[in-house]
Novice: 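Okay, handing you the structure first.
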Number of protein chains: 2
Amino acid sequence: MILRTTPCIKAITTAGALAERLRNEINAGRWTVGETLRQEELASEFAVSRIPIREALAQLHAEGLIVVEHYRGARIKGLEPLQVEELFDLRLLIEGDLLRRAIPAHTKASVRRLQLIQTQLRHEENRLGWIASDRAFHEALYAPADRPQSLALLGQLRAPVERFSLQQLSPRARQREWDQEHRALISAAAARDTDTALAAIKKHLDGTRAIVLAAACSPQEE
Amino acid sequence: MILRTTPCIKAITTAGALAERLRNEINAGRWTVGETLRQEELASEFAVSRIPIREALAQLHAEGLIVVEHYRGARIKGLEPLQVEELFDLRLLIEGDLLRRAIPAHTKASVRRLQLIQTQLRHEENRLGWIASDRAFHEALYAPADRPQSLALLGQLRAPVERFSLQQLSPRARQREWDQEHRALISAAAARDTDTALAAIKKHLDGTRAIVLAAACSPQEE
DNA sequence: TTTTCAAAAATTGGATACAATTATTCAATG
DNA sequence: CATTGAATAATTGTATCCAATTTTTGAAAA
């Protein structure tokens, strides 16, 4: 039996690979909010027919990244301020629950893993790599809770927001704050101090929410 | 401008209509856990090509009702006991939050609406109609909270479980309990008594969890 | 100049046809 | 009799083509 060492899931389906590729493009800011993704254009770009493109778009729709209208195409989805507020309230609810379960279950090994990811994250220059590392950090933070359903749900809450949370990555000040907040989470995990961890995640989410609110001020659709 | 009076969303897409149809068939128990849904078979049954069938299957996959494997088809997804536990924990988390916001915002009109739905639910003989009414009840219960994202998330938590929650509808005893629990929620909403409502929803979810656990004891897939 | 409306172009949705992969059959072998 | 393995069948994935719908264009009219 072969064990996979890379944490990245290989997309065996072409539609899956396309969805991953398009997700990255969206997160990298290739399209602006409200812009439509033309099937023919994407098909010729990736040298496939429109069928797998359509399946990839359906997947992105399910992830909440695009809005699809009958006979009118797929457009990049924007976020209203109220939606952002609600999404982050939900994240606090779920991430808090995950933390409560994960913190007591953290070990020296799991904390070490967190530190490694954070080191990698600190030196990440590329926007996409930064997103991936941040995702990995939070997954590792919550992994000891052993709650796959919650993690999946959390992923759905993160997806539509990631686009905006790294759009403003440039302000180095916020980047430094981000790093400090992650370190606070790590030390709370190391000390198995749930209350401190909860306070830290609340602060972290509040900071991220502010960034997303600032970035997602476009008054579009649905 | 035309206002739609029916609460049911019309599926303009054929794929959407197919997905709704298939979802009902799944909930009605047409297939057992682990059974595969053949594209050709469904295509000829609904007199369409396999393309819209595939899109419908992708949608059901996103809803967590089926598992899709490359070149191996779509199979009805089962639930492990641990998954059921976690799903209901998450529901309690989110439905509790929704209740906290909804109860103080309930009005005479919204409570009246709840009563109407509950009356309809009580006389519902058909399994599918019962599911739809129960869904409507909970939507009406949480509607005053005005939290669309939370409702959507809740829908995703309910979907994979509905199949099993009505499988054991037959025991009239449980059906009577169910009715009583709903009535408790209604009166708590009428009295704007949040704590009582929270206790009632916990009891209701615990009861439903037990039913689902009993029904979903099959040790299949993924 | 602006508005209206019909024809043309562009785009998406669905059907058919073919390629890639998996499942099944059945004869040969131990 | 059980097991192996190659040929066959069945099934899914993708490309191409046509139909349905929307968007654009441009000329006529106010």
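Numbered from 1 within each chain, the chains take letters A, B, ... in sequence-line order. Because the structure is a prediction, the values reported are computed rather than measured.
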Novice: Under the rule for side chain to side chain donor-acceptor pair (under 3.5 Å), what residues qualify as partners of B:Glu45, not counting sequence neighbours?
Specialist: B:Arg30

Novice: Excluding sequence neighbours, so at least two apart, what forms salt bridge (Lys or Arg N to Asp or Glu O under 4.0 Å) with A:Arg122?
Specialist: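 A:Arg122 satisfies salt bridge (Lys or Arg N to Asp or Glu O under 4.0 Å) with A:Asp179 only.
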
Novice: Would you mind telling me which of C:dG13, D:dA15, C:dA17 lies closest to the side-chain atoms of B:Arg50?
Specialist: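 So the side chain of B:Arg50 is nearest to C:dA17.
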
Novice: Give every residue pair that meets the salt bridge (Lys or Arg N to Asp or Glu O under 4.0 Å) criterion with at least one member in residues 140-155 of chain A, sequence neighbours excluded.
Specialist: A:Arg147-B:Asp89

Novice: Can you name the salt bridge (Lys or Arg N to Asp or Glu O under 4.0 Å) partners of A:Arg112, sequence neighbours left out?
Specialist: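 Result, salt bridge (Lys or Arg N to Asp or Glu O under 4.0 Å) vs A:Arg112: none returned.
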
Novice: Could you pull out all residues at least two apart from A:Glu86 that satisfy salt bridge (Lys or Arg N to Asp or Glu O under 4.0 Å)?
Specialist: none

Novice: According to salt bridge (Lys or Arg N to Asp or Glu O under 4.0 Å), does anything in residues 151-160 of chain A pair up with another residue at least two apart or in another chain? List the pairs.
Specialist: A:Asp134-A:Arg158, A:Arg158-A:Glu162

Novice: I'd like to check the salt bridge (Lys or Arg N to Asp or Glu O under 4.0 Å) partners of A:Arg21; sequence neighbours left out, ordered by chain and number.
Specialist: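 If we apply the salt bridge (Lys or Arg N to Asp or Glu O under 4.0 Å) test to A:Arg21, skipping adjacent residues, the hits are A:Glu25.
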
Novice: Nearest to the side chain of A:Ile51, heavy atoms from C-beta on, is which of C:dT12, D:dT16, C:dT16?
Specialist: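 Shortest atom-to-atom distance from the side chain points to D:dT16.
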
Novice: Less than 4.0 angstrom between a side-chain N/O of B:Arg54 and OP1 or OP2 of D:dT12, yes or no?
Specialist: no

Novice: Are A:Arg209 and A:Asp206 close enough for a salt bridge, meaning some N to O gap below 4.0 Å?
Specialist: yes

Novice: Take the protein atom CD of B:Glu55 and the nucleotide atom P of C:dG13, then report the distance between them rounded to whole Å.
Specialist: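 Rounded to whole Å, this separation is 7 Å.
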
Novice: Taking atom C1' of D:dT12 as reference, at what distance in whole Å does atom CD1 of B:Ile66 sit?
Specialist: 13 Å

Novice: With a 4.0 Å heavy-atom cut-off, tell me which residues in residues 37-46 of chain B come close to DNA chain D, sorted by residue number.
Specialist: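 Of all residues in residues 37-46 of chain B, the ones placing a heavy atom under 4.0 Å from DNA chain D are B:Leu37, B:Arg38, B:Gln39.
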
Novice: Identify all pairs in which a protein N or O lies below 3.5 Å from an N or O of nucleotides 21-23 of chain D, and state each distance.
Specialist:
residue, atom, partner, partner atom, Å
D:dT23, OP1, A:Arg72, NE, 2.5
D:dT23, OP1, A:Arg72, NH2, 2.8

